[in-house]
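Okay, so here's the structure we're looking at.
Note that these values count all heavy atoms, side chains included, but never hydrogens, waters or copies made by symmetry. Letters A, B, ... are given to chains in the order of the sequence lines, protein chains preceding strands, and every chain is numbered from 1.
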Amino acid sequence: MTSLSLRILTIFLEIATVFFAAYLVGYSTFLFLSAVVGSTELYRKKRQYRMMNAIRNEHFIPISIIVPAYNEEVTVADTVRSLLALEYSVYEIVVVDDGSRDKTAQVLIDAFHMQPVRMPIRRVLPCEEAESVYTAVHGGVHLTLISKKNGGKADALNMGINAARYPWFICMDADSALQNDSLRKIALPLLEDENVIAVGGSVRPANGAILANGRVVSYKLPKNILACMQTLEYDRSFLASRILLDKFNGSLIISGAFGLFKKQLVIEAGGYDRSTMGEDMELVVKLHEYCTANGIPYLIRYATDAICWSQAPERLKDLIKQRRRWQLGLFQCMWLHRGMALNYKFGPVSLISYTYFLLYELFSPFIELFGLLTILLSALMGMLNIPYAVTFLLIYTFFSAVTSLTAFFARIQTLDLSLRLSDALRAILLCLFEVTFLRSVLVFTRFTALVLYNRSKRSWGRIERRKIEVR
Amino acid sequence: MARGERMKIEYIVYLYLAVCLSMIFFNIATVFGLRLQEALEARLRRRFLHEIRREIEQTRRRGESSRPHRQTLFRRLRHSEMLLIYMDAAKTLWEEDATGLRLYMRSLSEVFSRLDPCYERRNDPIRRSFFLYTLTEYSTFCGTTYPRLAEAMLRAVRSPNIYCRENALAALCATGMPQYVVEGLQILDSERIRHSGKLITDGLLRFAGDRAALSDCLWAAYDGFSLRMKEAVLNFMRFDSGRHGERLLSILCDEGENPELRYSAIRYFGRYPDPRARPVLLRLAAASDTLPWEYVSIASGALAAYPGDETVRVLKKNLRVANWYVRSNAAESLERLGVEYGELIDILNGNDRFAREILAYQLDLRRNRINSRASLRAHGGGQAAGQNDTLANRTG
């Protein structure tokens with residue numbers, strides 16, 4: 001190798017080192033701040049609740065709960081049952097059967113004695129036409145089932161919005177269950193500030209939970225190791241990073257499993273985008289853009305104690321399918337709204353949130369692969385201090401595991417989850433495994449998701465369903 | 001990696017690690033701390049129960065609680081945790097001996113008045129808000145309120161913290177004194193503090209005293225309220241009772257009045273039918289060419305409470321209006337009026353597809369309701385309440 005090429009390589013590796021140092025410091029700082037802010041905020045909220053700093057109103061805001069469903073015959077009836085048990089006086093349920101090939105619609109019709117109606121639906125948002133509509137009333141709650149041609153989840157959600165009668169709507173998944181106070185808790189931010197246009201709820205893996213009459217009667221970490229590791233991952237998100245992003249109105253995503261939106265504003269912004277797979281994130285980013293562009297003061301909040309229990313995949317191939325879909329959705333969303341990148345008009349939403357998702361979620365598989373290659377190159381050139389590299393890797397891995405545990409142990413400060421000793425020990429044992437094995441699998445999955453992008457079809461993504469244990 | 005070594009970035013990671021580990025230990029310690037706290041609280045609660053029972057007897061004999069008790073109580077209740085346990089014990093005794101507790105609590109007005117500046121001075125909104133919550137319970141125990149405490153509540157209404165404001169308003173409503181409530185609302189207006197109208201309405205509905213007196217006071221102050229406050233007050237009147245027809249009729253008939261207030265008035269008369277309102281509602285519902293759609297739509301909904309030929313005529317005409325909400329409300333009202341199929345056949349067989357569809361939907365709902373009731377009777381009764389028409393649940 002000539003001295004010039006050697007020099008070039010050396011400079012390249014030095015630049016790469018600086019880059020990766022900055023990259024890792026940035027990521028560590030984000031994880032650290034998430035964990036600290038999350039724990040502190042949950043502690044403050046618990047103290048607030050104990051000291052009667054709560055809104056105990058009875059004047060409810062009318063809400064339509066939209067449940068898009070595709071091949072959900074196993075879980076949909078239980079989901080609707082849990083919704084009918086909500087402690088909330090003014091709401092309706094709209095289930096949209098998106099051309100299921102199983103008996104999703106029939107299960108609901110039989111379970112709830114639904115009857116056909118000729119309901120006119122004003123298709124303000126684009127969606128496939130309805131083929132049939134059934135309704136029933138249970139305990140004063142109006143239940144509507146709309147069967148339509150298959151058009152995808154976003155299409156089904158748009159149909160639900162078109163049919164909804166109330167000014168606020170919740171989107172949730174057909175394989176999820178709410179607690180009886182979830183609706184009340186997710187609506188509370190609307191009373192605290194009139195500029196709130198959307199509220200995200202907290203999603204927990206239902207594997208390992210038993211619900212009865214809308215309350216959690218038993219909860220422990222799932223037996224399935226994959227589901228258990230995902231619980232740690234969910235805690236990192238919902239008990240840490242989302243709380244941090246909420247602090248500066250920087251939430252770029254509200255989980256499709258449980259989110260509350262102002263209907264009129266969503267309609268004005270164009271509704272759910274039917275061409276993307278990440279319709280939940282795309283809607284929130286679109287709302288940021290729409291409100292900023294139109295000078296509308298707005299807040300997108302996160303309600304830590306509005307709980308939705310949702311199934312986490314227990315088979316690796318289902319998890320891979322799910323994460324591939326998420327990664328594709330993320331890419332589509334970021335590309336669609338690329339105008340938000342480093343755009344001062346959006347403030348911290350662009351400079352922090354968008355940048356974080358771009359670097360540490362979307363591009364991270366490529367950056368990490370690049371990192372591995374530079375390490376290999378350094379080793380080949382004899383420039384790698386192997387003991388230092390190994391030590392640093394171990395420190396960093398340990399740090400990642402500790403931040404996961406910090407978020408996990410923050411559940412002590414939640415109002416409804418207690419911590420068993422067995423769960424704590426399992427979490428400690430699994431966290432290292434989670435940040436190494438699961439993370440590596442997911443990095444590879446996310447990497448291949450974009451590589452295989454052209455071959456993917458727009459679809460719901462079928463994963464195996466198990467019944468949520470609801471008594 | 002050589003530059004990485006020189007940068008020593010792992011020190012940053014060490015720092016973060018240290019903080020995270022501290023938080024984990026703190027959270028774990030919280031679990032053990034909570035158990036200890038529970039045991040301690042139980043002991044303190046038993047002690048308070050014993051003391052309060054003793055002082056209730058003392059109050060019965062001598063007309064007031066003992067001075068040493070009041071002095072000790074003031075020192076202890078400056079700590080919010082102690083106040084929490086104390087009020088918990090008082091709630092237990094309220095179930096046992098409400099009369100005795102009332103006598104005892106009335107003798108403590110000085111103590112609670114002296115506590116207020118302690119909680120205000122600390123600049124901790126959580127503690128302040130909690131103290132205001134205890135004033136709600138204290139007012140309930142005493143069955144009256146004291147001017148100094150009412151002043152404390154009124155000061156707290158100005159707080160930038162929503163929970164302080166909300167607890168202060170709740171405390172004012174718990175006093176049962178309408179003049180304090182009205183003064184609280186006036187403070188919100190004068191300081192331009194934005195507090196949710198729904199929370200205000202809800203608070204007013206939980207007023208502990210004479211609601212008729214409250215509504216009289218609110219009407220007396222009404223003209224001085226801001227638009228937002230007027231809306232909240234009118235919503236309270238709507239959920240309160242049908243006693244406010246006179247005032248609301250004047251709002252309904254005043255064409256110069258703010259539209260939002262007139263909408264509230266329309267909704268009021270939809271809930272409490274008044275023959276004087278009928279011609280106005282009919283005129284508003286028929287004015288789809290001249291008035292904003294909101295008037296026509298809400299009036300169409302209100303007409304469900306005014307059966308008659310003219311009503312049916314106006315509603316049938318509104319089935320053909322371009323606006324979706326007008327058509328929808330008109331169809332719903334026709335169904336609620338129980339208009340028979342024969343009277344609607346001209347619409348159902350007419351050329352206007354939108355009118356046909358919206359009306360057919362309402363008739364389908366009616367048919368399904370009848371079928372459901374028949375099915376329930378056939379299966380031995382059951383809860384007909386479960387089949388209530390959801391249309392009646394719409395608050396508008």
Side-chain angles (χ1 to χ4, degrees), chain A residues 14 17-18 20-21 24-25 28-29 31-32 35-36 39 47-48 50-55 57-59 61-62 89-90 92 113 115-120 122 135-142 191-192 194 378 383-385 388-389 391-392 395-396 398-399 402-403 405-406 409-410 412-413 419, chain B residues 1-5 7 9-10 12-14 16-17 19-21 23-24 26-28 30-31 80 84 125-127 129-130 133-134 162-164 166-167 170 194 196 198-199 201-203 205-206 324 354 357-358 360-361 364-365 367-369 371-372 375 385-390 393-395:
Chain A
E14 296 224 343
T17 304
V18 171
F20 281 109
L24 287 174
V25 167
S28 313
T29 305
L31 283 182
F32 167 71
V36 167
S39 281
R47 187 171 159 255
Q48 250 182 351
R50 182 172 158 74
M51 290 280 128
M52 303 301 184
N53 282 231
I55 288 174
N57 72 304
E58 286 165 17
H59 197 102
I61 293 164
S89 68
V90 190
E92 63 164 348
H113 313 294
Q115 299 181 68
V117 290
R118 290 164 289 177
M119 179 178 170
R122 196 168 62 131
T135 66
V137 179
H138 287 271
V141 178
H142 199 105
L191 295 170
E192 291 172 3
E194 63 188 12
S378 300
M383 290 177 67
L384 182 66
N385 182 336
Y388 178 83
T391 308
F392 188 81
I395 293 168
Y396 198 78
F398 183 63
F399 170 70
V402 165
T403 48
L405 282 179
T406 308
F409 279 101
I412 287 166
Q413 308 295 352
L419 190 61
Chain B
M1 276 295 168
R3 186 178 283 274
E5 285 179 60
M7 288 190 295
I9 58 171
E10 66 268 26
I12 299 173
V13 179
Y14 288 149
Y16 292 166
L17 253 174
V19 176
C20 286
L21 284 168
M23 299 200 84
I24 291 174
F26 173 78
N27 283 333
I28 292 172
T30 302
V31 174
S80 51
L84 185 68
I126 294 178
R127 283 199 165 91
S129 175
F130 171 65
Y133 172 80
T134 62
I162 182 174
Y163 300 114
C164 273
E166 179 62 11
N167 281 353
R194 295 180 91 82
S196 165
K198 286 187 189 292
L199 292 178
T201 302
D202 194 46
L205 287 166
R206 285 183 288 162
W324 168 272
F354 298 124
E357 282 180 354
I358 200 92
Y361 170 57
D364 283 350
L365 288 178
R367 178 205 66 211
N368 290 350
R369 258 199 325 279
N371 288 347
S372 296
S375 168
Q387 302 300 315
N388 281 345
D389 183 6
T390 188
N393 288 338
R394 292 196 205 171
T395 56

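A:Gln115 and B:Ser372 form a side-chain donor-acceptor contact under 3.5 Å, judged by distance and modelled atom types alone.
In this structure, the side chain of B:Thr30 engages the main chain of B:Phe26 through a donor-acceptor pair within 3.5 Å. No donor-acceptor pair under 3.5 Å is formed between the side chain of B:Asn27 and the backbone N or O of A:Ser39. Using a distance-only test at 3.5 Å, with no hydrogens or angles considered, no donor-acceptor pair links the side chain of A:Thr406 to the main chain of A:Ala35.
When heavy atoms are compared at a cutoff of 4.5 Å, B:Tyr133 approaches chain A solely by way of its side chain, counted from C-beta outward. Heavy-atom distances place the side chain of B:Ile162, and not its backbone, under 4.5 Å from chain A. Proximity to chain A involves both the backbone and the side chain of B:Tyr361, based on heavy atoms less than 4.5 angstrom apart. Proximity to chain A (any heavy atom under 4.5 Å) is shown, for B:Phe354, by neither the backbone nor the side chain. For A:Glu194, the part lying near chain B is the side chain, with the backbone staying farther off; criterion is any non-hydrogen pair under 4.5 Å.
Between chain A and the residues B:Val13, B:Thr134, B:Leu21, B:Val31, the most heavy-atom pairs under 4.5 angstrom are made by B:Val13. Between chain A and the options B:Leu17, B:Ile28, B:Ile126, B:Leu84, the largest number of non-hydrogen pairs under 4.5 Å is found for B:Ile126. Options A:Ile55, A:Thr391, A:Thr403 differ in how many heavy-atom pairs under 4.5 Å they form with chain B, and the most are formed by A:Ile55.
In this structure, the side-chain contact (heavy atoms from CB on, under 4.5 Å) partners of B:Ser80, at least two apart in sequence or on a different chain, are A:Met51, B:Tyr119, B:Arg127, B:Phe130. Under the salt bridge (charged side-chain N to carboxylate O under 4.0 Å, His left out) criterion, A:Arg122 pairs with no residue at all, not counting sequence neighbours.
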